[in-house]
Amino acid sequence: MKHIIGAGIAGLTAALAMAPEPVTILTAGTLEHGAASLWSQGGIAAATLPDDSIASHIADTLAAGDGLCDPEAVARIISQGPAVIASLRRLGVAFDSAPGLEAAHSHRRIAHVQDRTGLAITTALARAVRAAPHVTIREHTTVTALHAPDGILAGLWVEHDATPTYLASSAVLIATGGIGALYHHTSNPPGAIGTGLTLAARAGAVLRDLEFIQFHPTGLDTGQTPMPLISEAVRGEGATLIDDTGQRFTAELAPRDAVSRAVFNHLATGHRIYLNATSIPRFAAKFPTIDAACKAAGIDPATTPIPVRPLAHYHMGGIATDAQGATTIPRLFAAGEAACTGLHGANRLASNSLLEACVTGEAAGHAMAALTRATPAAIPPRPHPASRATAPIRDLMSRHLGVLRTDSGLATAIAALAPTAATNDTALLALMIALTARARTESRGAHARTDHPSHAATATPSTITRAAALAACPHRIAA
């Protein structure tokens, strides 16, 4: 059997692409609850209008990525945008009639379903997966470890109802999403703690560009965790960022990293920040999810500016993959936000993530289906399960690995994380992020160092493994 870990857009797309090859989806939630894809508001980017072009979409993606994109990956993924939209329409996704505009896009190319695009796409895919005879679904099932003897994926350990089970596997796809729940202020669901990344890291996979974490500039600042997101599409429709004096202070449709830094810096001077959407007609009809979240907090966006602040939103880094989603471990694949494909570079262009999830999920599904089935080996001894405690990690990540970073702060984080990194998966992931952030002595895209504000002469991807991270601070690692 072959297995997919995760039931968001990437995992569901991969499962459909594997037909008729049998595959099992493993998800800690259900197909309709738990995945971050369900929370995505803004839309999916694709050049579909006559005045737009794939070349323009590629250029915008490369510009936002701040020198670190893989041009081949960008061209491959972006060129499939129109076909992805057509495929989703065939599955029943009822996109709104007119594409929207979001930050750093030169054209209106965001296909959306009001502000519930992720929900609409994930629901359509889940419906198709549930009807697919080649797919077995195991819900409420947690993957605790991968088994990769001699560096080749052979199986995985799972738990259901607290019962551990070993599953032999000919191929595994990690499609577990991002890491936003490692921060206090995030738009991600609570389960987004980088589980797939640490599963891969403990199996020996190479991870890439972990230091690049995108902070969305406009989370609803009312004290909730996770914080409701005020989609970039709202700014695309004309909303402005103002402070408590009523003054605008930044270009609303600049790349996300630039807007987040502007909001963060303005907050640091003692101001409160608001998104003024009162000029947008029929706000509640265009953005019903956002309207409901605001009204639940006592704010009517049609008449009152919305208090906002930056929040952890998307991880550009992840498990290093090739064009087929293959990782550095044979028979182990990754897709969606858990993967680092080279599309986003140092800063993701808005609404490219759902497109990437569809394209990379399909590519990985085809590649996995083509693999011959491996002969199951003997059941290995069950590994000692690693901790995934997150509370102390959130404090360190929020304080030292946020919108702005310093060498002293990163050194403090490394010293605090290293003692438990061998036994706590979230500490391990945070340590790897801190190590790559400290090694990147420049500011580029979403990685901003106040002590190194300029670009390095050359944009170079970063790579790290679990072994390298633990070796970097051996005197601090618990035995």
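Bear in mind that the values here come from a model prediction, so they are computed numbers and not experimental data.
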Under 3.5 Å: donor-acceptor pair, side chain of T436, backbone of M432: yes
Rounded distance [0.5 Å steps], CD1 in I213 versus CD1 in I179: 4.0 Å
Side-chain (T186) to main-chain (A312) donor-acceptor, under 3.5 angstrom: yes
Note, V308 side chain near L241 side chain (heavy atom, < 4.5 Å): yes
Donor-acceptor contact present, side-chain E139 to main-chain L31, <3.5 Å: yes
Distance flag, aromatic centroids of Y183 and F215, threshold under 6.0 Å: yes
V234 side chain near T218 side chain, heavy-atom distance below 4.5 Å: no
D300 (side chain) donor-acceptor with T304 (main chain) under 3.5 angstrom: no
Charged N-O contact under 4.0 Å between E442 and R405: no
Exceeds 12 heavy-atom contacts within 6.0 angstrom, atom NE2 of H33: no
Check: D425 main-chain N/O paired with T198 side-chain donor or acceptor under 3.5 Å: no
Derivation of the side chain to side chain contact (heavy atoms under 4.5 Å, CB included) call for F249 and I242: CA-CA 6 Å; F249 60 92; I242 59 173; 5.7 Å; no
Pairwise distance OG1(T390) to CD1(I193) - rounded to 0.5 angstrom: 6.0 Å
Minimum side-chain heavy-atom gap I25-H3 below 4.5 Å: no
For the student: nearest non-hydrogen atoms of P190 and A181, plus distance: O-CB, 3.4 Å
Side chain to side chain, T27 and H140, heavy atoms closer than 4.5 Å: no
K2 (side chain) donor-acceptor with G365 (main chain) under 3.5 angstrom: no
Residues S231 and D115: side-chain donor-acceptor under 3.5 angstrom: no
Verdict with reasoning, I174 to L146, per side chain to side chain contact (heavy atoms under 4.5 Å, CB included): CA-CA 11 Å; I174 294 175; L146 301 177; 4.2 Å; yes
Within-4.5 Å side-chain heavy-atom neighbours: I5 and L173: no
The single option from S187, S353, S260 passing side chain to side chain donor-acceptor pair (under 3.5 Å) against H313: S187
Side-chain ion pair, D221 and R272, N-O less than 4.0 Å: yes
Criterion side chain to side chain contact (heavy atoms under 4.5 Å, CB included) on H107 and S56, from CA distance to verdict: CA-CA 8 Å; H107 294 80; S56 175; 3.3 Å; yes
Non-hydrogen side-chain atoms of K286 and I280 separated by less than 4.5 Å: yes
D66 to G445 - nearest heavy-atom pair and separation: OD2-N, 2.6 Å
Test side-chain hydrogen bond (donor to acceptor under 3.5 Å, both in side chains) applied to D243 and H266, step by step: CA-CA 8 Å; D243 61 21; H266 216 51; 2.9 Å; yes
Qualifying residue, where the test is side-chain contact (heavy atoms from CB on, under 4.5 Å) with S462 and the options are H447, E211, R208: E211
Distance in Å, T24 OG1 paired with H134 NE2, rounded so as to fall on 0.5 Å steps: 10.5 Å
Any P22 side-chain heavy atom under 4.5 Å of M1 side chain: yes
Backbone of E252 reached by a side-chain donor or acceptor of R235 within 3.5 Å: yes
Electrostatic pair R348:E102 at N-O distance under 4.0 angstrom: no
Parallel, tilted or perpendicular, as decided by the 30° and 60° cut-offs, for the rings of Y314 and H344: perpendicular
Gap separating the CG atom of N352 from the CD1 atom of I77, nearest 0.5 angstrom: 8.5 Å
Backbone of G342 reached by a side-chain donor or acceptor of D70 within 3.5 Å: no
Any side-chain heavy-atom pair of L91 and R127 under 4.5 Å: no
Salt bridge flag under 4.0 Å for residues R109 and D60: yes
Donor-acceptor under 3.5 Å (S351 side chain, G43 main chain): yes
From CA spacing to verdict: side chain to side chain contact (heavy atoms under 4.5 Å, CB included), L156, L26: CA-CA 11 Å; L156 62 171; L26 306 165; 3.6 Å; yes
Test applied, side-chain contact (heavy atoms from CB on, under 4.5 Å); reference residue, P217; option that passes from V259, T250, D257, L311: V259
R449 side-chain N/O to R444 backbone N/O, donor-acceptor pair under 3.5 Å: no
R76/E356 ion pair, N-O < 4.0 Å: no
Pairing of D395 and R399 as salt bridge, 4.0 angstrom limit: no
Q114 vs D96, side-chain hydrogen bond (donor to acceptor under 3.5 Å, both in side chains): CA-CA, chis, key distance, verdict: CA-CA 7 Å; Q114 294 180 312; D96 295 346; over 6 Å; no
